[in-house]
Undergrad: 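Below you will find the structure I want to go over with you.
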Amino acid sequence: MKTHQIALIPGDGIGRDMTAAAWQVLQRAAGAFGFALDGIEFPWSCAFYKETGAMMPADGIETLRGFDAILLGAVGWPAEVPDSVSLHGLLLPIRKNFVQYANIRPHRQLPGVHGPLKASTFDILCIRENTEGEYSGAGGRIHQGTPDEVAVETSIFTRKGVERILRFAFEQARTRRGKLASVTKSNAQKHSMVFWDDITRELARNYPDVEVTSYHIDAMAARMVMAPETLDVVVASNLFGDILTDLGAAIQGGLGFAASANINPERNAPSMFEPVHGSAPDIAHLGIANPIATVWSGAMMLEHLGERDAAKAVMAAIEATTASGVGTVPGKDRTDAITAALLAAI
Ligand code: IPM
Ligand code: MN
């Protein structure tokens with residue numbers, strides 16, 4: 001039997017509850033479709049940091065490298081470890097070290113879910129650059145704590161990095177409705193963002209079948225609310241993509257539905273699958289968080305592993321569950337009840 005080796009990193013807060021729920025659903029799908037998911041759990045988290053002084057062991061990245069995929073819950077427990085420490089100690093190094101440069105985030109409204117918009121027919125695929133840009137971490141602070149204090153944080157955009165994410169987005173558009181929206185802020189940021197627009201135009205020549213439009217991030221934010229049905233694939237830099245995908249989650253009906261895949265398209269290192277939401281300390285372990293975002297991320301993982309039919313079945317189970325009214329309203333159904341409905345639907 002085909003066996004996929006999965007590294008499970010539940011992380012913090014609701015991440016732990018959500019990976020536990022999603023893992024049950026994925027195991028059910030594996031059983032139904034005749035393959036095995038062999039999961040090894042790593043306790044890397046803020047609790048691990050409190051014990052050891054690091055978010056993961058020094059050889060953590062090398063340990064993960066041998067896996068076929070990583071399923072991650074959420075990272076962050078700001079009451080005990082500053083987010084800037086926990087995220088730069090676990091989530092962000094995984095994305096960067098494994099060159100998971102394409103962060104894919106689908107935004108559409110599931111059946112039975114009523115989001116805040118009147119129109120609910122949108123189907124957007126956000127592609128977020130995931131290894132450089134505003135998240136490069138280049139910079140520093142000098143004269144700390146004095147009136148002369150200075151903080152510098154430099155965005156880094158490389159031709160290699162921008163070309164590969166745009167090419168990836170063009171390819172995605174090709175497999176969908178053939179429309180690509182490239183998002184920058186080149187009216188204000190005259191170096192990096194004009195560079196991005198230039199490369200968009202250069203690559204567009206190789207994709208005459210894709211209709212590409214450049215938007216400024218502010219206009220895109222408005223469009224995602226006012227006319228989301230006009231969008232197909234949306235590609236943006238790391239920070240812009242981060243912000244737009246929380247907006248995408250909001251128009252879907254909430255963060256409980258927003259899935260994401262951190263993809264290494266060259267497949268020379270594992271890809272990582274995680275919900276868009278965070279650890280939600282306020283509702284951690286209350287049993288009321290919605291596992292759908294993590295389960296959907298798990299479906300994306302199955303797809304990536306080549307288990308297409310199982311991925312489709314998990315998506316169908318999510319849709320059947322929400323269509324029946326379960327898991328559609330934040331806080332209405334308990335995690336267990338939603339998980340049970342998903343399991344029954346596989
Ligand atoms: C996300 C999250 C992360 C990000 C945080 C936790 C660093 O918001 O995956 O969208 O900004 O990438
Ligand atoms: Mn985010």
Side-chain angles (χ1 to χ4, degrees), residues 9-16 18-19 22 44-49 55-56 69-107 124-139 153 155-157 161 165 183 217 220-221 224 234-264 271-284 289-290 292-294 296-298 300-301:
I9 308 179
D12 299 298
I14 62 166
R16 312 191 65 77
M18 299 302 95
T19 36
W44 306 341
S45 59
C46 291
F48 186 86
Y49 181 94
M55 290 297 293
M56 63 175 152
I70 303 162
L71 183 67
L72 183 136
V75 180
W77 198 258
E80 305 207 331
V81 184
D83 282 341
S84 57
V85 172
S86 58
L87 276 316
H88 283 277
L90 185 56
L91 180 71
L92 300 175
I94 295 175
R95 289 179 181 169
K96 287 178 189 172
N97 278 289
F98 292 150
V99 205
Q100 296 166 348
Y101 65 80
N103 188 323
I104 307 180
R105 299 182 162 186
H107 300 297
I124 302 173
L125 191 70
C126 274
I127 310 282
R128 164 187 178 187
E129 200 294 318
N130 212 30
T131 54
E132 55 171 45
E134 308 87 344
Y135 279 52
S136 298
E153 183 126 16
S155 297
I156 294 180
F157 288 87
I165 194 63
V183 181
I217 176 80
M220 178 54 72
M224 280 180 68
V234 173
V235 63
S237 66
N238 212 332
L239 180 62
F240 287 179
D242 175 48
I243 298 166
L244 287 181
T245 54
D246 257 43
L247 180 52
I251 64 173
Q252 279 181 269
L255 281 156
F257 304 109
S260 114
N262 303 272
I263 301 289
N264 170 315
S271 293
M272 174 167 66
F273 301 81
E274 53 161 342
V276 172
H277 65 67
S279 60
D282 54 331
I283 58 163
N290 193 336
I292 286 178
T294 311
W296 187 338
S297 308
M300 295 172 85
M301 180 176 85

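What you see is a predicted model, and the numbers here were worked out from it, not measured in a lab. Just so you know, ligand 1 is whichever comes first in the structure, and atom 1 is the first atom listed for that ligand. Side chains included, hydrogens not; waters and symmetry mates left out as well; all remaining heavy atoms used. In what follows, residues are counted from 1 in the order of the sequence shown.
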Undergrad: In this structure, are over 12 heavy atoms from other groups packed under 6.0 Å from Phe98 atom CZ?
TA: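 Check passes, neighbour count above 12.
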Undergrad: Please report the closest heavy-atom contact between Ile14 and Ala289, naming both atoms and the distance.
TA: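 Closest pair (atom of Ile14, atom of Ala289, distance): CG2-CB, 3.9 Å.
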Undergrad: To check you understand the geometry: which heavy-atom pair defines the closest contact between Asn130 and Ala102, and what is its length?
TA: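 That would be CB-N, 4.3 Å.
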Undergrad: Under the side-chain contact (heavy atoms from CB on, under 4.5 Å) criterion, do Ser297 and Glu274 qualify, and how do the steps go?
TA: CA-CA 6 Å; Ser297 308; Glu274 53 161 342; 5.6 Å; no
Undergrad: Can you give me the closest heavy-atom contact between Ala284 and Ser279, atom names plus distance?
TA: CB-O, 4.4 Å
Undergrad: Under 2.8 Å from the Mn ion (ligand 2), how many protein N/O/S atoms do you get? Just the number, please.
TA: 1
Undergrad: Restricting to ring pair (Phe, Tyr, Trp, His ring centres under 6.0 Å), what partner residues turn up for Phe240, sequence neighbours left out?
TA: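 Phe240: no ring pair (Phe, Tyr, Trp, His ring centres under 6.0 Å) contacts found.
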Undergrad: For Ile9 and Ile94: C-alpha separation, side-chain torsions, deciding distance, then whether side-chain contact (heavy atoms from CB on, under 4.5 Å) applies.
TA: CA-CA 11 Å; Ile9 308 179; Ile94 295 175; 4.0 Å; yes
Undergrad: Quick one: list whatever passes side chain to side chain donor-acceptor pair (under 3.5 Å) with Glu132, sequence neighbours left out.
TA: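 By the side chain to side chain donor-acceptor pair (under 3.5 Å) rule, Glu132 matches Thr158.
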Undergrad: I need the minimum non-hydrogen distance between Cys46 and Trp77, along with the two atoms involved.
TA: SG-N, 3.4 Å
Undergrad: List, pair by pair, the atoms of ligand 1 and of the protein that are both N or O and lie under 3.5 Å apart, giving the separation rounded to 0.1 Å.
TA:
unit_1: ligand 1; atom_1: 8 (O); unit_2: Asp242; atom_2: OD1; d: 3.3
unit_1: ligand 1; atom_1: 9 (O); unit_2: Arg95; atom_2: NH2; d: 2.8
unit_1: ligand 1; atom_1: 9 (O); unit_2: Arg105; atom_2: NH2; d: 2.8
unit_1: ligand 1; atom_1: 10 (O); unit_2: Arg105; atom_2: NH1; d: 3.0
unit_1: ligand 1; atom_1: 10 (O); unit_2: Arg105; atom_2: NH2; d: 3.2
unit_1: ligand 1; atom_1: 10 (O); unit_2: Arg128; atom_2: NH1; d: 3.3
unit_1: ligand 1; atom_1: 10 (O); unit_2: Asp242; atom_2: OD1; d: 2.8
unit_1: ligand 1; atom_1: 11 (O); unit_2: Tyr135; atom_2: OH; d: 2.5
unit_1: ligand 1; atom_1: 11 (O); unit_2: Asp242; atom_2: OD1; d: 3.4
unit_1: ligand 1; atom_1: 12 (O); unit_2: Arg95; atom_2: NH1; d: 2.7
unit_1: ligand 1; atom_1: 12 (O); unit_2: Arg128; atom_2: NH1; d: 3.1
unit_1: ligand 1; atom_1: 12 (O); unit_2: Arg128; atom_2: NH2; d: 2.7

